[in-house]
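As the structure lists them, so they are numbered: ligands from 1, and atoms in each ligand from 1. Since we're looking at a predicted model, the values are computed, not measured.
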Amino acid sequence: MIPVTKPFLPPRHEYDSYLDGIWERNWLTNNGPLVNDLELKIKEYLGLDHMLFVSNGTIALQLAIKALNLKGEIITTPFSYVATTSSIVWEGCTPVFVDILPDKLTINPALIEAAITPETSAILATHVYGIPCEVERIQQIADKHGLKVIYDGAHAFGVKVKGRSIFEYGDISTCSFHATKLFHTIEGGGVFTKDPELLKKMAYLRNFGHDGFEKFNGIGINGKNSEFHAAMGLSVLPSMEKIRKVKAAQFLLYKEYLNGLEVTFPNTEDIEQYNHAYFPVIFRSDKELKQSMQMLENNQIGSRRYFYPGLNKLGYTSGECPVSDSLSERVLCLPLFHTLTKEEQRMISRILLRVQNN
Ligand SMILES: Cc1ncc(COP(=O)(O)O)c(C=O)c1O
């Protein structure tokens, strides 16, 4: 079986090398030294001043919404993982869906203003597949209307725009460090901001609101992460460049092998530093997608409909999203992970070509 993704496991001795320290200190969680070290190393790697390591990418989004004290309506994308919408709903806000760009699959800035009402407090957009949203245009709109901006950067670790980490844009950016992500800590996530006050607020929120043992600075949640998860992150980080190179090469190879297949790909061409986290293929019809998916499955090959159904179909909908509706019916992610071989990529590509030529 070829899975659609496979978590990267670092050399065993690298992870093991952190365990003795954990046993010696007997410090397993609650902002331990490995958590601090990981935060430092991530900031160094991405060239950022502020970040917090949290339990997962969903809690990261909820902390961001809470820290910005958002109320009412949040303008968001229908084309993302369910956590983007669920976090809005769990924080008591209403998602208002704005359609996406047909080439990049990120929120269409030209449609945002029409969706703004007196109830709108923020824009929460996803850098889907690591493809950056139109961050400058979105910021202009937000500034004009006094809105906050959160980016769900769950897929965007290591992406750069104009020489800066993608996580520097917006009021707060979040990331997922789930096992299937490019950089991972098994379960985990991050919140990023340029604003030290917001960071401080999120640090309280991450730890129940504790300000010492007997005092509270607001009411928070348990958004902490453990020393074991931090150890995994510290062991994965040194391999990031290697993983990125392998994925970039696999990405190009798919495009070569799939030459002649009547599909399109999201536009990643003008991204300054992309991370090749996923390999989405856009079929001409959902019928072709389903035939291809079935044939891959018959050959023991996994694929996933990232992202179907559109989040505007969850029952919280307002607004029409025809572009997203059409694309989410036709997008399929092919296997892409560090140990996928050329032969496997060729076999996958041949199967897809065969389906279309029959
Ligand atoms: C776009 C997006 N946002 C948020 C999340 C949630 O991240 P986590 O699984 O770490 O909670 C994911 C997870 O896959 C995601 O793809």
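- Looking from atom 3 (N) of ligand 1 to the surrounding protein, the closest heavy atom is Asp152 OD2, 2.6 Å.
- Looking at Asn69 and Lys71, their side chains do bring a donor and an acceptor atom within 3.5 Å of each other.
- Of all protein heavy atoms, the one lying nearest to atom 6 (C) of ligand 1 is Thr58 OG1, 3.4 Å.
- Within the 3.5 Å criterion, the main-chain N or O of Phe53 finds a donor-acceptor partner in the side chain of Glu39.
- Atom 8 (P) of ligand 1 has Gly57 N, 3.4 Å as its closest protein atom, hydrogens excluded (heavy atom only).
- Cation-pi geometry between Arg350 and Tyr257 is not met at under 6.0 angstrom from the ring centre and within 45 degrees of the axis.
- When heavy-atom distances to ligand 1 are checked against a 4.0 Å cut-off, Asn56 comes that close through both its backbone and its side chain.
- Remark: distances from the non-hydrogen atoms of Gly189 to ligand 1 are all 4.0 Å or more.
- Comment: Lys313 engages Asp325 in a salt bridge, judged by a side-chain N to carboxylate O separation of less than 4.0 angstrom.
- Shown in contact with Ala83 at under 4.0 Å from a heavy atom are these atoms of ligand 1, numbered in order with element: 4 (C), 5 (C), 6 (C).
- Using a 4.0 Å cut-off between a side-chain N of Lys or Arg and a carboxylate O of Asp or Glu, Glu91 and Lys66 qualify as a salt bridge.
- Electrostatic pairing of Arg330 and Glu262 does not count as a salt bridge here, judged by no charged N lying under 4.0 Å from a carboxylate O.
- A heavy-atom separation below 4.0 Å is found between Gly188 and ligand 1.
- In this structure, Arg244 and Gln273 have side chains that are in contact, with non-hydrogen atoms separated by less than 4.5 Å.
- Regarding atom 12 (C) of ligand 1, its nearest protein heavy-atom neighbour is Tyr81 CD2, 3.5 Å.
- The shortest heavy-atom distance from Lys181 to ligand 1 is under 4.0 Å.
- Against a heavy-atom cut-off of under 4.0 Å, Ser80 is close to the following atoms of ligand 1: 1 (C).
- Proximity of His155 to ligand 1, defined as any heavy-atom pair under 4.0 Å, is confined to the side chain (atoms from C-beta onward).
- Each of the following atoms of ligand 1 lies closer than 4.0 Å to a heavy atom of Ala154: 1 (C), 2 (C), 3 (N), 4 (C), 12 (C), 15 (C).
- Using a 4.5 Å cut-off between side-chain heavy atoms of Ile, Leu, Val, Met, Phe, Trp and Tyr, with links allowed through other members, Leu101 and Val161 fall into different hydrophobic clusters.
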